[in-house]
There are 2 protein chains.
Amino acid sequence: MTQRRVTMADVARLAGVSTTAVSLVLNNRQGTRISDDVASRVRAAAQELGYRPNLTARALSTQKSHVIGFISEQVTTDRLASGLIRGALQEAKRHNHVLFIAETEGESHAVDEAVDALTDRQVDGIIYAATRPQTLRVPARVGSTPVVMLNAVSDDVADNVLADEFAGAKDIVDLLLESGHTDGVVIVGRSMDQPDDEWLSIAVRRRLAGIWDSLSAHGVRPVAQIPCQPWSVRSGYEAVRDLLLAGVQPHALICMNDRLAFGAYRALSEVHLTPGRDVSVVSFDDDDIAVYLHPMLTTAAAPFEDMGALAVRILLDNNHRPGEHLVPMPLRVRDSVHLNRATEAEFTAMRNPEPDWTR
Amino acid sequence: MTQRRVTMADVARLAGVSTTAVSLVLNNRQGTRISDDVASRVRAAAQELGYRPNLTARALSTQKSHVIGFISEQVTTDRLASGLIRGALQEAKRHNHVLFIAETEGESHAVDEAVDALTDRQVDGIIYAATRPQTLRVPARVGSTPVVMLNAVSDDVADNVLADEFAGAKDIVDLLLESGHTDGVVIVGRSMDQPDDEWLSIAVRRRLAGIWDSLSAHGVRPVAQIPCQPWSVRSGYEAVRDLLLAGVQPHALICMNDRLAFGAYRALSEVHLTPGRDVSVVSFDDDDIAVYLHPMLTTAAAPFEDMGALAVRILLDNNHRPGEHLVPMPLRVRDSVHLNRATEAEFTAMRNPEPDWTR
DNA sequence: CTTCCTAGGTCAAGCGGTTTAGCAGCCGAT
DNA sequence: ATCGGCTGCTAAACCGCTTGACCTAGGAAG
């Protein structure tokens, strides 16, 4: 029951050596002169007793806890924070680190509390993850603990990792246009000349820039651009419904995210237009709903897991060059874009080998 | 830069007392005789220096880390693990605890690794969360660290928290039947007399029992029961499509989960039957997709957040009575069941005040 | 004038590791 | 014989906090 955990002293006693020797052997430190005889005795003893080092004690002594703090506005919400966490988790594990998780729900006093709770526990670094890539102030009180912003930007913090929105947008629109869908292009979610507002985060800005870069490279002008305030299913539905009511016949929809696309699908099906046949649709994020849709959505995936992993790597690598780290957005080529022969050949390899229909 | 963190010794020096005094004051321990004068000097000094205790050191000394380990098969996946984590997180925070997260992806060696990683860090307790309420063996090597199973059951572990599937099922089917939908009842997902298989977890068993309890209490016999192997969107679609093809006209669908319901919706709409008008649909889990559906799904919600919170409370309360802890499943009364006057009055209060359409 | 409380603290030994300085023995060179 | 240098290992300080044992001065009691 209250069996004391076996300590280094126990191992030392059994092996008939000092704890120093045990420490040196078990951490197999180079450059220290320990005989093979002692080394093997120590190892045998440790093995026999089932010794495991107490990492709390080690942390106290070495000032390295092998723990990373992960502060996030929310831990739940579709793939977003989940993906970031999951990526960070796996990368941390490979480096024998463990993750503290804290949630702030956007309240700034909660951020301070979380930072305190983590630094009080000697974390080796802090990852601050936001649900939307915004510029935000990170609490000054981080002391000497390194911080990296994940899916966010801060003036005070050197490192931040973001999705490569520009390239992703360019790629997915290239796919659309090179499949021949250059007429009747509609952008759902935002117009280029719409005035700036709180919604215009860095991510949106770049996503839009990528779209336009591709459009003008192909000499294409959209027939309509519809701003939407929240990027919700309802907004997408209303936007496309109104468009159809106004008599516009779209042939290619560029939706600013998957939720808008979901709404667009509904509006299209109401007038018996089938996505992927009558209208090609591309979108962003690869939200969970993307594969629930019928036909499944072709979308530029937000690479959350990769981003989370990269954040950890940056934190652990103390001679990386600081700055902005962009993670590519992989294209999920599914069924909402009708491919022509050329693009079929080029993009077919990108298809999900096994769409997770069965989930 | 490399500014040393202020320690208790610093505070003691500034206040002109011993570290013992500082410790006693700052932890305001009762029954120790410290003058008000000293106490206030200590507090002032701590305040002035911005002292924060080093919790690693404290943990080493007290053998209590104020950290809880959370091992989960997956951290992501729709509301499931996310909800459990989120609930645990918030409850932990209220008790000044922090959560370590570890993920196993179902591999058993990963479980051992995770347990080691956590116990090496002196966690005060471990929560083991599964994605499906199964009976599973928990590694023996947990030593003296208490464990609670979350959404799972183990013979070796005393405490486990589960959703109250029986009551939830009974409630949601009561709602359906008392709204007058007693003819043409179809159970989608499992038949009562289906042979046991790996899918028949405790949760499913109880859910089914609750359904039948309600049915027989109301003297209702379903016109059909359709087993489905994975409870996926596709299965639900195929099940209902085949049913309709066979000429059965359902008026009330009891779907074993929301994904099946999603598929059922599609099959119904193909023959121009509208859920909530022509056919009432009830379901389980309150998955994310439940509110994306049109009309929104009336479902018995899996109370993941409450379950996570309860697990933490159990772990921290060392004189609770051990055993099985059931958490009620709240009904989400939305639009897929056509209510009659009586049930309207009774259940209308349960409606979500603000459906999160806008997400 | 001792003795005994008691109020008000302090000392020092942990907790379980890491790490620096140093010690003993042995050998070859001077 | 002396000295320096190497090899192989240990003593002890330290990381920052907690805690049971102990110490001291002042007043009350004898």
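Everything quoted here is computed from the prediction, not taken from an experiment. Numbers restart at 1 for each chain; the letters A, B, ... are given by sequence-line order, proteins then strands.
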*Asks:* In this structure, how many angstroms lie between the P atom of D:dC17 and the CZ atom of B:Arg52, rounded?
*Replies:*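 After rounding, the reported distance stands at 12 Å.
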*Asks:* If I take atom NZ in residue B:Lys64 and atom C1' in nucleotide D:dC17, what distance separates them, rounded to the nearest angstrom?
*Replies:*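 So the NZ-C1' distance, B:Lys64 to D:dC17, works out to 16 Å.
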*Asks:* So for atom CG, which belongs to A:Asp37, do other residues, nucleotides or ligands contribute more than 12 heavy atoms lying within a distance under 6.0 Å?
*Replies:*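 Yes, the 6.0 Å shell around CG holds more than 12 heavy atoms from other groups.
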*Asks:* Could you state the CZ-P distance from B:Arg4 to D:dG16, rounded to the nearest angstrom?
*Replies:*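 Whole-Å distance recorded here is 7 Å.
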*Asks:* In whole Å, I'd like the distance from the CE atom of A:Met8 to the P atom of C:dT19.
*Replies:*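 Distance check: A:Met8 CE to C:dT19 P gives 11 Å.
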*Asks:* If you assign B:Asp36 and B:Ala57 each to the DNA chain C nucleotide with the nearest heavy atom, which residue ends up on the more 5' nucleotide?
*Replies:*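 Comparing both residues, the 5'-ward one is B:Asp36.
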*Asks:* Does a nitrogen or oxygen in the side chain of B:Arg29 sit under 4.0 Å from OP1 or OP2 of D:dT19?
*Replies:*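 Yes, within the criterion.
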*Asks:* What's the CG-P distance between B:Asp10 and D:dG16, to the nearest Å?
*Replies:*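 The answer, rounded to whole Å, is 9 Å.
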*Asks:* To the nearest Å, give me how far apart CZ (B:Arg33) and C1' (D:dT19) are.
*Replies:*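 The distance from CZ of B:Arg33 to C1' of D:dT19 comes to 14 Å, rounded to the nearest Å.
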*Asks:* Do B:Ser82 and A:Ser82 meet the criterion of a side-chain donor-acceptor pair at a distance under 3.5 Å?
*Replies:*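 Yes, A:Ser82 and B:Ser82 have a side-chain donor paired with an acceptor closer than 3.5 Å.
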*Asks:* Looking at A:Asp120 and B:Arg5, does any basic side-chain N land under 4.0 Å from a carboxylate oxygen?
*Replies:*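 Salt bridge: yes.
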*Asks:* Assert yes or no for the condition that the ring centre distance of B:Phe100 to B:Phe70 is strictly below 6.0 Å.
*Replies:*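 Judged by ring-centre distance (under 6.0 Å), B:Phe100 and B:Phe70 do not meet the cut-off.
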*Asks:* Write down the distance between CD (B:Gln122) and C1' (C:dC15), rounded to a whole number of angstrom.
*Replies:*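 The answer, rounded to whole Å, is 9 Å.
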*Asks:* So does A:Ser35 get a side-chain nitrogen or oxygen closer than 4.0 Å to the phosphate oxygens (OP1/OP2) of D:dC9?
*Replies:*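 For D:dC9, OP1/OP2 do have a side-chain N/O of A:Ser35 under 4.0 Å.
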*Asks:* Is A:Arg58 touching bases, backbone alone, or none of the nucleic acid, heavy atoms closer than 4.0 Å?
*Replies:*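 Sugar-phosphate contact only.
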*Asks:* Using side-chain contact (heavy atoms from CB on, under 4.5 Å), reason through B:Val42 and B:Val38 one step at a time and then give a plain yes or no.
*Replies:* CA-CA 6 Å; B:Val42 166; B:Val38 166; 4.1 Å; yes
*Asks:* Is there a donor on the side chain of A:Thr20 or the base of C:dT18 sitting less than 3.5 Å from an acceptor on the other?
*Replies:*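 Side chain to base: no pair present.
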*Asks:* Reckon A:Ile34 touches a base, only the sugar-phosphate, or nothing at all at heavy-atom distances under 4.0 Å?
*Replies:*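 Here A:Ile34 touches the backbone only, sparing every base.
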*Asks:* Rounded to whole Å, how long is the line connecting atom CZ of B:Arg13 with atom C1' of C:dT10?
*Replies:*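 Nearest whole value for this atom pair: 16 Å.
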*Asks:* How would you label the contact of B:Ser23 with the nucleic acid (heavy atoms, under 4.0 Å): base, sugar-phosphate, or nothing?
*Replies:*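 Since a base atom lies under 4.0 Å of B:Ser23, the category is base.
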*Asks:* Does OP1 or OP2 of D:dC15 have a side-chain N or O of B:Asn54 closer than 4.0 Å?
*Replies:*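 B:Asn54 to D:dC15 OP1/OP2: no side-chain N or O under 4.0 Å.
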*Asks:* Answer with base, sugar-phosphate or nothing: what part of the nucleic acid does A:Val38 contact at a heavy-atom distance below 4.0 Å?
*Replies:*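 Since only primed, P, OP1 and OP2 atoms lie under 4.0 Å of A:Val38, the category is sugar-phosphate.
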*Asks:* Has A:Ser18 got a side-chain N or O lying under 4.0 Å from the OP1 or OP2 atom of D:dT10?
*Replies:*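 Checking D:dT10 against A:Ser18, a side-chain N or O does come within under 4.0 Å of OP1 or OP2.
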*Asks:* Looking only at N and O atoms, is any donor in the side chain of B:Ser61 or the base of C:dG14 less than 3.5 Å from an acceptor on the other one?
*Replies:*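 Under the 3.5 Å cut-off, the side chain and the base do form a donor-acceptor pair.
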*Asks:* Can you tell me which nucleotide in C:dG17, C:dT19, D:dT18 comes closest to the side chain of A:Pro53?
*Replies:*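 Among C:dG17, C:dT19, D:dT18, the one nearest the side chain of A:Pro53 is C:dG17.
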*Asks:* Please tell me if the side chains of B:Leu315 and B:Val312 come closer than 4.5 Å, counting only heavy atoms from C-beta onward.
*Replies:*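 No, too far: nothing below the 4.5 Å cut-off.
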*Asks:* Indicate whether OP1 or OP2 belonging to C:dG16 is found under 4.0 Å from a side-chain N or O atom of B:Gln63.
*Replies:*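 So the side chain of B:Gln63 is within the cut-off, an N or O lying under 4.0 Å from OP1 or OP2 of C:dG16.
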